[in-house]
Amino acid sequence: MDELRRLQLAAALHESLLFVLRPARAAASTSPARLRLHVTSSQDDRSQMEIRIIKRRGPTLVTPVQVPAMSERMQAMLHASRMRNARRATARQHAPIEDVFEDGTIIRLDFDPERRRHGAMAPA
């Protein structure tokens, strides 16, 4: 409890936001925080987060607040990242190895499957 008060004072002194994450079992204990939230995945819809307000200024809010777990932009970025990784993995599996010389091996990688299908190689 003393540590939380010191953190709160330090944040106020530096005019900064402070987020302290604690286990769910700490919800019943007291805290000097002005706002206390309990955030979980929604049981009804996994794409939503359920936020229960444990402590706030003003009247108690009985009903939990539902918010999206990820914004549309974040979902698009994660999808694009998965697609890039899949393309890279496919390219590594199909990359040709060419020309072995006495003083070493030269490897030319063709990451463009369309060019490879038509017999053209990427420039080395």
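Every value quoted in this text rests on a predicted model; they were computed, and no experiment measured them. No hydrogens, no waters, no symmetry mates; every other heavy atom, side chains included, goes into these values.
In this structure, Val39 is not a member of the same hydrophobic cluster as Met70, with clusters built from ILVMFWY side-chain heavy atoms closer than 4.5 Å. Both Leu37 and Met49 sit in one connected hydrophobic cluster of ILVMFWY residues. Membership requires side-chain heavy atoms under 4.5 Å apart, directly or through other members.
Between Ser42 and Asp44, the side chains place no donor N or O within less than 3.5 Å of an acceptor N or O (distance only, hydrogens not considered). Side-chain contact check for Arg22 and Ser29: at least one donor-acceptor pair (N or O, by modelled atom type) lies under 3.5 Å.
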Under 3.5 Å donor-acceptor pairs involving side-chain atoms of residues 7-20, not counting sequence neighbours:
residue, atom, partner, partner atom, Å
Gln8, NE2, Pro32, O, 3.0
Ser16, OG, His14, O, 3.1

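Under the side chain to side chain contact (heavy atoms under 4.5 Å, CB included) criterion, Met77 pairs with Arg73, not counting sequence neighbours. Qualifying side chain to side chain contact (heavy atoms under 4.5 Å, CB included) partners for Ser41, counting only residues two or more places apart in sequence or in other chains: Arg46.
Side chain of Lys55 to backbone of Ser31: a donor-acceptor contact under 3.5 angstrom is found. Put simply, the side chain of Thr60 never gets that close to the backbone of Val62: no donor and acceptor are under 3.5 Å apart.
The two atoms that bring His38 and Ala24 nearest to each other are NE2-CB, 3.6 Å, heavy atoms only.
A salt bridge is defined here as a Lys NZ or Arg NE, NH1 or NH2 lying under 4.0 Å from an Asp or Glu carboxylate O, and Glu50 with Arg52 meets this definition.
Note that CD1 of Ile51 and CD of Gln66 are 9.0 Å apart. Values are rounded to the nearest 0.5 Å. The line from CD1 of Ile54 to CG of Leu35 is 9.5 Å long, rounded to the nearest 0.5 Å.
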